[in-house]
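Please read the structure below before turning to the comments.
Just so it is clear, the structure is predicted and the values come from calculations on it, not from any experiment. Reminder, nothing fancy here: chain letters follow the sequence lines and each chain counts from 1.
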Amino acid sequence: MAAAEVDRVTPMFWGLFSAGGFVVAFLLPVFIFMNSLAYGLHVVPWEKVEYGGALRWIRGDPATALLGSTLGWLGGWLPKLFLVLIIGGGLFHGLHRFKYVLYDVGLHRAKKVLDPILYGIAAAGTVAAVVLAFSFP
Amino acid sequence: MADRGTKMIKLRISRYRPERSGEPFDQEFTIPYRDDMVVLDALNYIKDHIDPTLTYRWSCRMGICGSCGANVDGTPKLTCALYLRDLKKRPVLIEPLANFAVLKDLVVDIEPFMEKLEAAKPYIIRKDERPIERGEYRQTPEELELYRQQSLCINCMLCYSACPVYGHDEKFLGPAASALALRYELDSRDQGSEERLAAVATEHGIWQCTFVGECSVVCPKHVDPAGAIQQLKALAATRLMKAMLLPLAPR
């Protein structure tokens, strides 16, 4: 076989798919559990959870920061970054898998069209997540 | 030839005899069989007793030579390791391995596969070649264990027959050749990683794999080529990112 060029583009998106896979597999289930079932199962005392407290934490109120007063400024960034990771990672992972599904049912010839559309959706969703998260509250 | 009470089995075999006609056709054979017979025994019975023109590859009869692969009831199998008693459908359908050009009956053209194996640079590449007097490049059992799984491949090509990506595109490097590349990547004696990874991390190389995983399902030696390709992808991706983020760092 003739020597072919090393593919430098695919690995980038595969890296996002791979990192997104980690996020989806490990962080998303915990996130969903902690925000739903955890209350019902009394893992988190629901009486003590209140919207105002969560809002203060997201805003980076040093008094509520988990990291102590010196790193308190990070308090507001961490939950936002976390949301962006969950949404962006999930999108890049899920759409990459969906792309493979489409390839396997015979759309592999449409690679040049499919790739920009699907990764475009993932990128747009990630940008939207950044804008929404960091414009909040 | 068959005693009363002997169990009979019907097989439908895909035939192709280019010297007679350009069209492949199916031919049915009904033969006596015992529970300890494998599909290859049935093929040998037909060749010995019914039709000596039936053509197929085989050698060792014990799942190590990798030559007797065929699609049995639509699934790529080593015919020497598949018992007739385990096949439920009648007639048993025996076809040549899918995704390969058929030369005659069940014999397929292995030339494209050989080229792919070669493209993966399946040999130890040394930057500093030691003179022969200094002996072998030694290895601990732990170092051997790292690539033992990939080294068990017998080149039977069942994985290529099962791979839908290879079915789409004959240029795809494919499962066995990729697993072979990883086998040398993981070998402590090898120093040719850069060269070999560059050869396989191409558009029609490992990056074309969509991780269907059928190759690992049909592999008779549990080489797990699908897993090997994902390991190569991770290796190639991290190396590329390292090169971009830390251009001066040693790789």
Side-chain angles (χ1 to χ4, degrees), chain A residues 1-29 81 84-85 88-123 126 130, chain B residues 111-122 162-174 177-178 181 193-215 226 229-245 251:
Chain A
M1 278 196 310
E5 282 275 305
V6 171
D7 191 339
R8 289 171 198 286
V9 180
T10 316
M12 296 293 151
F13 290 103
W14 188 86
L16 286 169
F17 152 78
S18 175
F22 172 80
V23 167
V24 170
F26 287 98
L27 302 183
L28 192 59
L81 200 64
V84 169
L85 274 180
L91 279 173
F92 272 104
H93 183 78
L95 285 161
H96 179 92
R97 286 217 157 167
F98 185 54
K99 181 184 92 157
Y100 275 179
V101 169
L102 294 177
Y103 279 14
D104 288 334
V105 297
L107 288 173
H108 55 284
R109 280 184 207 89
K111 183 176 163 51
K112 288 204 163 67
V113 185
L114 277 181
D115 282 16
I117 292 177
L118 293 174
Y119 289 130
I121 294 172
T126 308
V130 171
Chain B
E111 204 49 49
F113 174 66
M114 302 306 285
E115 283 168 20
K116 286 173 202 305
L117 286 183
E118 207 182 338
K121 300 185 186 288
C163 175
V165 180
Y166 183 57
H168 284 155
D169 181 2
E170 58 179 13
K171 281 190 238 152
F172 177 39
L173 179 69
S178 302
S193 179
E194 212 167 315
E195 201 181 312
R196 187 176 303 104
L197 213 50
V200 299
T202 57
E203 189 193 344
H204 294 285
I206 53 173
W207 293 116
Q208 203 170 5
C209 166
T210 58
F211 204 7
V212 175
E214 275 302 303
C215 50
I229 297 179
Q230 305 322 303
Q231 281 191 60
L232 283 172
K233 283 181 181 176
L235 215 62
T238 44
R239 198 161 300 174
L240 183 71
M241 305 224 177
K242 235 181 180 172
M244 288 187 3
L245 298 172
R251 256 157 257 155

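Heavy-atom distances place the side chain of A:K111, and not its backbone, under 4.5 Å from chain B. For a residue to count as touching a neighbouring chain, one of its non-hydrogen atoms must lie under 4.5 Å from one of that chain's; by this rule B:C163 does not touch chain A. With a threshold of 4.5 angstrom between heavy atoms, B:A199 does not approach chain A through any atom at all. For B:E118, no part sits under 4.5 Å from any heavy atom of chain A, backbone or side chain. The contact between B:V165 and chain A is made entirely by side chain atoms (from C-beta outward), counting heavy-atom distances below 4.5 Å.
In terms of heavy-atom pairs under 4.5 Å with chain B, the best-connected choice from A:V6, A:V9, A:D7 is A:D7. By number of non-hydrogen pairs under 4.5 angstrom with chain A, the leading residue of B:A201, B:A236, B:G205, B:A237 is B:A201. Of the listed residues (B:E203, B:Q230, B:K233), the one with the most heavy-atom contacts under 4.5 Å to chain A is B:K233.
Other residues, nucleotides and ligands place more than 12 heavy atoms under 6.0 Å from the CE atom of B:M241.
Formation of a donor-acceptor pair under 3.5 Å by the A:T126 side chain with backbone atoms of A:A122 is found in this model.
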May I have the step-by-step check of ring-ring contact (aromatic ring centres under 6.0 Å, His included) for A:H93 and A:F17, ending in yes or no?
CA-CA 4 Å; A:H93 183 78; A:F17 152 78; 4.7 Å; yes
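With contacts defined as side-chain heavy-atom distances shorter than 4.5 Å, the pair B:Q208/A:T10 does not qualify.
Checked against the 6.0 Å centroid criterion, the rings of A:Y100 and A:H96 qualify as a close aromatic pair.
Considering CD1 of A:I117 and NZ of A:K99, their distance stands at 12.5 Å, rounded to 0.5 Å.
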